[in-house]
Amino acid sequence: MSIVIVAQKISANPLLSRKQMVVQVIHANLANVSKQKIAEELAKKFKCDERTIVPYGFRTAFGGGRSTGFALIYNSMEYLLKYEPNFRLRRAKILPEKQIKRKSNKELKKKIKKARGKEITKLRKGWKGDVREQIKKIKKDYLKSFLQK
(Lines give C-alpha, C1' and ligand atoms only; values in the text may rest on other atoms or scores of the structure.)
Protein backbone atom coordinates (compact mmCIF):
# COMPACT_ATOMS: atom_id res chain seq x y z
CA MET A 1 0.00 0.00 0.00
CA SER A 2 2.37 2.65 -1.21
CA ILE A 3 1.58 6.15 -2.26
CA VAL A 4 3.50 8.32 -4.69
CA ILE A 5 3.52 12.08 -4.22
CA VAL A 6 4.39 14.37 -7.12
CA ALA A 7 4.76 18.08 -6.43
CA GLN A 8 4.03 20.29 -9.43
CA LYS A 9 4.13 24.02 -10.06
CA ILE A 10 6.35 24.66 -7.03
CA SER A 11 6.78 28.36 -6.38
CA ALA A 12 8.51 30.21 -3.57
CA ASN A 13 6.48 33.03 -2.06
CA PRO A 14 8.93 35.17 -0.04
CA LEU A 15 6.26 37.72 0.92
CA LEU A 16 4.31 35.08 2.83
CA SER A 17 7.45 33.07 3.75
CA ARG A 18 6.29 29.83 2.18
CA LYS A 19 6.47 27.46 -0.77
CA GLN A 20 3.27 26.78 -2.68
CA MET A 21 2.62 23.77 -4.86
CA VAL A 22 0.07 21.57 -6.55
CA VAL A 23 0.33 18.05 -5.14
CA GLN A 24 -0.69 14.97 -7.07
CA VAL A 25 -1.05 11.79 -5.01
CA ILE A 26 -1.13 8.43 -6.75
CA HIS A 27 -2.72 5.84 -4.47
CA ALA A 28 -3.53 2.53 -6.12
CA ASN A 29 -5.76 0.16 -4.08
CA LEU A 30 -6.68 2.97 -1.63
CA ALA A 31 -9.81 5.12 -1.62
CA ASN A 32 -7.84 8.21 -0.61
CA VAL A 33 -4.94 9.30 1.60
CA SER A 34 -5.15 11.34 4.81
CA LYS A 35 -3.74 14.87 4.87
CA GLN A 36 -1.51 13.86 7.77
CA LYS A 37 0.09 11.11 5.67
CA ILE A 38 0.55 13.57 2.79
CA ALA A 39 2.22 16.06 5.16
CA GLU A 40 4.59 13.32 6.41
CA GLU A 41 5.60 12.38 2.87
CA LEU A 42 6.12 16.02 1.84
CA ALA A 43 8.22 16.60 4.97
CA LYS A 44 10.51 13.73 3.95
CA LYS A 45 10.69 15.00 0.39
CA PHE A 46 11.41 18.66 1.23
CA LYS A 47 13.35 18.00 4.48
CA CYS A 48 11.24 20.20 6.75
CA ASP A 49 9.02 19.90 9.83
CA GLU A 50 5.67 18.28 9.03
CA ARG A 51 3.85 20.67 11.39
CA THR A 52 4.67 23.59 9.06
CA ILE A 53 3.01 21.87 6.09
CA VAL A 54 -0.64 22.59 5.28
CA PRO A 55 -2.23 20.32 2.66
CA TYR A 56 -5.75 21.24 1.54
CA GLY A 57 -8.30 21.08 -1.28
CA PHE A 58 -7.79 17.46 -2.34
CA ARG A 59 -10.15 15.94 -4.87
CA THR A 60 -10.08 12.31 -5.94
CA ALA A 61 -10.11 11.79 -9.70
CA PHE A 62 -12.99 9.88 -11.26
CA GLY A 63 -12.26 6.18 -11.02
CA GLY A 64 -10.00 6.67 -7.99
CA GLY A 65 -6.32 6.01 -7.70
CA ARG A 66 -5.28 9.65 -8.04
CA SER A 67 -5.95 12.82 -6.03
CA THR A 68 -4.92 16.39 -6.66
CA GLY A 69 -4.74 19.24 -4.17
CA PHE A 70 -2.56 22.05 -2.83
CA ALA A 71 0.10 22.27 -0.16
CA LEU A 72 1.80 25.17 1.58
CA ILE A 73 5.15 24.75 3.31
CA TYR A 74 5.89 27.62 5.68
CA ASN A 75 9.45 28.58 6.65
CA SER A 76 8.57 28.50 10.35
CA MET A 77 5.64 27.96 12.70
CA GLU A 78 5.58 31.70 13.41
CA TYR A 79 4.70 32.49 9.79
CA LEU A 80 2.14 29.66 9.67
CA LEU A 81 0.28 31.18 12.63
CA LYS A 82 0.56 34.68 11.16
CA TYR A 83 -0.65 34.04 7.60
CA GLU A 84 -2.79 30.90 7.68
CA PRO A 85 -6.56 31.51 7.96
CA ASN A 86 -8.20 30.53 11.24
CA PHE A 87 -10.42 27.83 9.74
CA ARG A 88 -7.35 25.91 8.54
CA LEU A 89 -5.71 26.36 11.94
CA ARG A 90 -8.85 24.83 13.48
CA ARG A 91 -8.58 21.86 11.10
CA ALA A 92 -4.97 21.39 12.17
CA LYS A 93 -6.12 21.41 15.83
CA ILE A 94 -3.99 24.48 16.61
CA LEU A 95 -7.02 26.61 17.46
CA PRO A 96 -9.98 25.15 19.39
CA GLU A 97 -13.37 24.66 17.76
CA LYS A 98 -15.79 27.59 17.79
CA GLN A 99 -17.76 27.89 21.02
CA ILE A 100 -20.45 30.34 19.89
CA LYS A 101 -23.10 28.68 17.79
CA ARG A 102 -25.17 30.30 15.07
CA LYS A 103 -28.45 30.44 16.97
CA SER A 104 -27.01 32.09 20.09
CA ASN A 105 -25.21 34.59 17.86
CA LYS A 106 -28.49 35.54 16.17
CA GLU A 107 -30.28 35.90 19.52
CA LEU A 108 -27.55 38.21 20.78
CA LYS A 109 -27.79 40.25 17.59
CA LYS A 110 -31.55 40.69 18.15
CA LYS A 111 -30.93 41.81 21.74
CA ILE A 112 -28.42 44.40 20.54
CA LYS A 113 -30.97 45.77 18.03
CA LYS A 114 -33.60 46.16 20.75
CA ALA A 115 -31.22 47.64 23.36
CA ARG A 116 -30.51 51.34 23.87
CA GLY A 117 -27.59 53.37 25.18
CA LYS A 118 -24.92 51.80 27.39
CA GLU A 119 -26.69 48.48 27.27
CA ILE A 120 -25.58 48.05 23.63
CA THR A 121 -21.87 48.34 24.48
CA LYS A 122 -22.24 45.81 27.31
CA LEU A 123 -23.85 43.30 24.96
CA ARG A 124 -21.31 43.88 22.17
CA LYS A 125 -18.38 43.02 24.43
CA GLY A 126 -19.67 39.48 24.71
CA TRP A 127 -20.28 39.16 21.00
CA LYS A 128 -17.15 39.16 18.81
CA GLY A 129 -14.64 41.49 20.44
CA ASP A 130 -13.33 38.97 22.95
CA VAL A 131 -13.03 36.19 20.38
CA ARG A 132 -10.33 37.97 18.36
CA GLU A 133 -8.28 38.65 21.48
CA GLN A 134 -8.65 35.04 22.59
CA ILE A 135 -7.43 33.77 19.21
CA LYS A 136 -4.36 36.01 19.38
CA LYS A 137 -3.59 34.72 22.89
CA ILE A 138 -4.04 31.06 21.84
CA LYS A 139 -1.70 31.55 18.85
CA LYS A 140 0.91 33.18 21.08
CA ASP A 141 0.71 30.35 23.64
CA TYR A 142 0.89 27.69 20.93
CA LEU A 143 4.01 29.30 19.45
CA LYS A 144 5.67 29.38 22.89
CA SER A 145 4.91 25.69 23.47
CA PHE A 146 6.12 24.84 19.94
CA LEU A 147 9.44 26.61 20.47
CA GLN A 148 9.98 24.90 23.84
CA LYS A 149 9.71 21.40 22.27
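Just the heavy atoms: all of them, side chains too, but no hydrogens, waters or symmetry mates, feed the values below.
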Indicate the atoms forming the closest heavy-atom contact of [X] with [Y], along with that distance.
{"X": "I120", "Y": "A115", "value": "CD1-O, 3.5 Å"}
{"X": "L80", "Y": "V54", "value": "CD1-CG2, 3.4 Å"}
{"X": "A7", "Y": "M21", "value": "CB-SD, 3.8 Å"}
{"X": "V23", "Y": "A71", "value": "CG2-CB, 3.5 Å"}

Next on the checklist: Tell me if the CZ atom of F87 is crowded by more than 12 foreign heavy atoms within 6.0 Å.
Outcome noted: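 Yes, because the 6.0 Å sphere around CZ of F87 holds more than 12 heavy atoms from other groups.
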Quick check: do [X] and [Y] have side-chain heavy atoms less than 4.5 Å from each other?
{"X": "L81", "Y": "I94", "answer": "yes"}
{"X": "F70", "Y": "V22", "answer": "yes"}
{"X": "K103", "Y": "E107", "answer": "yes"}
{"X": "S67", "Y": "V33", "answer": "no"}
{"X": "M77", "Y": "R51", "answer": "yes"}
{"X": "Y142", "Y": "L95", "answer": "no"}
{"X": "N32", "Y": "R59", "answer": "no"}
{"X": "K139", "Y": "L89", "answer": "yes"}

Item to check | Worked check of side chain to side chain contact (heavy atoms under 4.5 Å, CB included) between Q24 and R66 | outcome: CA-CA 7 Å; Q24 190 170 39; R66 193 175 74 237; 3.1 Å; yes
Item to check | Backbone of I73 reached by a side-chain donor or acceptor of K19 within 3.5 Å | outcome: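 It does not hold such a pair.
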Which pairs of donor and acceptor atoms, one on a side chain in residues 34-47, lie under 3.5 Å apart (sequence neighbours left out)?
residue: S34; atom: OG; partner: K37; partner atom: N; Å: 3.2
residue: K45; atom: NZ; partner: I5; partner atom: O; Å: 2.9

Next on the checklist: Applying a strict under-4.5 Å side-chain criterion to I, L, V, M, F, W and Y, I'd like to know whether V6 and Y56 cluster together.
Outcome noted: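 No, no single cluster joins them.
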Checklist entry - Got a sec, which pairs hit side-chain hydrogen bond (donor to acceptor under 3.5 Å, both in side chains) with one end in residues 70-80, sequence neighbours left out? => result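 Every side-chain hydrogen bond (donor to acceptor under 3.5 Å, both in side chains) pair that includes a residue of residues 70-80, provided the two are not neighbours, is R18-Y74, Y74-E84.
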Checklist entry - Could you walk me through whether I26 and I3 pass the side chain to side chain contact (heavy atoms under 4.5 Å, CB included) check? => result CA-CA 6 Å; I26 301 165; I3 62 168; over 6 Å; no
